[in-house]
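Computed from a predicted model, the values in this text were never measured in an experiment. Numbers here simply count residues along the sequence, with the first being 1.
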Amino acid sequence: MDGTASGQRLRLGLVDGDGIGPEVVASARRVVDEALAAAGGPAAEWVALPMGRRAIEEFGTALPEFTLEGLAGTDGWILGPHDNASYPPEHRIAPGGAIRRHFGLHANIRPAQAFPGIRAMADDIDLVIVRENSEGFYADRNMAVGSGEFCPTPDIALSVGLVTRAACERIAHEAFRLAAARRKQVTIVHKANVLPLTMGLFRDTCYAVARKYPGITVNDEHVDAAAAHLVRSPGDYDVLVTENLFGDILSDLAAQLAGSLGTAASLNCSADRAMAQAVHGAAPDLAGRNRANPVALHLSAAMLLRWLADRREQPVLARAASRIDHAVAATFAAGIATADLGGLASTAEFTEQVVARVHHR
């Protein structure tokens, strides 16, 4: 089924967040609308829902229950960055993490690619980090009740890391399926030499899943060696699969090698839900100044469209995603960029340039 404008309905959530969130989310919405129209796809029905400081001020919570209910009624959503560090102490829990846990978005897919026209430390980088998103050493997602960090005395702090075979299997399948559509190579990143039980379970489970994908080349590296190798020869990597904390760190490193966190896209997903969310933060010092770089959210939105295309068998959504990717790359190649990348374009000006190129694929 092609899913042209006369066919499938497309209902997308829109969550502004904090800081530059409203600006980059509005930019991403505009680009998605134009790409869908240019590809002959269905018009998106957008569902705006509150989250963050404005939600605290209006509803007394950073993540109202009706926001979660509203997201559940969409096909997928775009989430703007949040600045929970600036919230009142009683509201400090990160709403983005709460959304991921609520919907079981266990996989975090983070590509890193250099763009012609943008200065990069590694021109040959073109990889994807597949990060397990629900367990690991992050204290907010490894206990049924309470936090995985605790202090038995005021002078001792402990942290519990959680690794389960089921979660390792899920994320390994994500990585191998992704590699099958790319250069057919997976690197398992772990630290089993000093964490033989938890990281050993992760490594060994990934290797067990690898046997189901005989066409994929697989190897493994300790995370410290992988970080060094990534700096030295990033072009050697295709897909890296790793646990939560390691994936968070390595993906930021890869983004900087590719040029900037401002171009770092990200998709959080499960088997039936997906959320586009840029890697970068809310940058409150840039809020309302028309200087934010919207590229990471443009590319994240394209990832969402491509994910929906696969799940709904609507190739027109993949064509719209390709138009976004092409338009961003062509805009950079034309020497147009925002200030963080050494350019002169405002958020609005850059958005207009991308929109124009979406229609000239």
Side-chain angles (χ1 to χ4, degrees), residues 100-101 103-112 126-144 148 159-230 233-251 253-254 266-275 303 306-307 310-311:
R100 288 193 296 270
R101 288 192 301 279
F103 289 104
L105 306 180
H106 66 269
N108 185 204
I109 315 299
R110 293 187 170 188
D126 181 10
L127 57 82
V128 181
I129 293 175
V130 180
R131 170 191 175 199
E132 204 294 313
N133 211 21
S134 66
E135 297 184 343
F137 292 99
Y138 278 22
D140 66 340
R141 60 201 77 171
N142 53 14
M143 291 286 181
S159 179
V160 174
L162 172 67
V163 176
T164 66
R165 189 180 306 277
C168 295
E169 288 176 345
R170 281 188 317 199
I171 202 65
H173 280 293
E174 292 281 355
F176 283 96
R177 284 194 295 263
L178 185 57
R182 288 176 50 89
R183 302 195 304 276
K184 297 179 172 54
Q185 177 186 329
V186 171
T187 301
I188 305 163
V189 180
H190 60 88
K191 194 61 176 170
N193 56 329
V194 295
L195 297 167
L197 297 182
T198 51
M199 290 295 96
L201 177 59
F202 182 87
R203 177 200 59 200
D204 295 345
T205 303
C206 287
Y207 268 120
V209 171
R211 291 196 287 270
K212 300 179 181 180
Y213 298 85
I216 307 297
T217 300
V218 59
N219 70 309
D220 71 278
E221 294 183 358
H222 296 147
V223 64
D224 46 346
H229 191 177
L230 189 59
S233 303
D236 291 350
Y237 290 108
D238 181 21
V239 174
L240 299 88
V241 61
T242 190
E243 67 86 43
N244 205 339
L245 177 61
F246 297 163
D248 198 5
I249 295 168
L250 291 179
S251 59
L253 172 59
S266 170
L267 188 76
N268 297 274
C269 62
S270 65
D272 59 356
R273 298 279 181 183
M275 172 175 77
M303 292 178 72
R306 195 166 280 112
W307 184 92
D310 292 341
R311 297 319 186 273

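The ring pair (Phe, Tyr, Trp, His ring centres under 6.0 Å) check on Tyr237 picks up His229, with sequence neighbours excluded.
Atoms SG and CZ, from Cys269 and Phe103 in turn, are 14.0 Å apart once rounded to the nearest 0.5 Å. Atom SG of Cys206 is separated from atom CD of Glu169 by 9.5 Å, given to the nearest 0.5 angstrom. Atoms CG and OG1, on Leu162 and Thr198 in that order, are 10.0 Å from each other to the nearest 0.5 Å. Within the model, atoms CZ of Arg110 and CG of Leu250 stand 10.5 Å from one another, a figure rounded to the nearest 0.5 Å. For the atom pair Cys168 SG and Asp204 CG, the distance stands at 9.5 Å (nearest 0.5 Å). Here Ile171 contributes atom CD1 and His106 contributes atom NE2; the two are 5.5 Å apart, rounded to the nearest 0.5 Å.
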Using residues 186-196 as the side-chain source, report each donor-acceptor pair under 3.5 Å to any protein atom, sequence neighbours left out, with the distance given to one decimal.
from   : atom 1 : to     : atom 2 : distance (Å)
Thr187 : OG1    : Asn219 : OD1    : 3.0
His190 : ND1    : Ala192 : N      : 2.9
His190 : NE2    : Asp220 : OD2    : 2.7
Lys191 : NZ     : Asp224 : OD1    : 3.2
Lys191 : NZ     : Asp224 : OD2    : 2.9

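The minimum heavy-atom distance between Ala254 and Ile129, with the atom names listed, is CB-CD1, 4.2 Å. Residues Ser270 and Trp307 share a closest heavy-atom pair of O-CZ2, 3.6 Å. Closest heavy-atom contact between Asn108 and Ser266: ND2-OG, 2.7 Å. When all heavy atoms are compared, the tightest approach of Asn268 to Arg100 is OD1-CD, 3.2 Å. Contact between Glu132 and Ala167 at its shortest, heavy atoms only, is OE2-CB, 3.9 Å. Between Gly148 and Asn142, the closest heavy-atom pair is CA-OD1, 3.2 Å.
Annotation: side chain of Phe202 is in contact with side chain of Val241 (closest heavy-atom distance under 4.5 Å). In this structure, Arg182 and Val239 have side chains that are in contact, with non-hydrogen atoms separated by less than 4.5 Å. Counting heavy atoms from C-beta outward, Leu230 and Leu127 have side chains that approach closer than 4.5 Å. Side-chain atoms of Tyr213 and Lys184, non-hydrogen and from C-beta on, never get closer than 4.5 Å to each other. Under the 4.5 Å side-chain criterion, counting only non-hydrogen atoms from C-beta, Met199 is not in contact with Val223. Side-chain contact between Val218 and Tyr207 is present, with heavy atoms from C-beta onward closer than 4.5 Å.
Between the side chain of Asn133 and the main chain of Leu105, a donor-acceptor pair closer than 3.5 Å is present. Between the side chain of Glu174 and the backbone N or O of Ile109 there is no donor-acceptor pair closer than 3.5 Å.
Ion pairing between Asp248 and Arg131 holds under the 4.0 Å rule for side-chain N and carboxylate O.
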- Item | Full working for side chain to side chain contact (heavy atoms under 4.5 Å, CB included) between His173 and Lys212 | CA-CA 9 Å; His173 280 293; Lys212 300 179 181 180; 4.0 Å; yes
- Message: side chain to side chain contact (heavy atoms under 4.5 Å, CB included), that's the test. Do Arg306 and Leu267 meet it? Break it down for me.
- Response: CA-CA 11 Å; Arg306 195 166 280 112; Leu267 188 76; over 6 Å; no
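Atom CZ of Arg165 sits in a sparse spot, with 12 or fewer heavy atoms from other residues, nucleotides or ligands closer than 6.0 Å.
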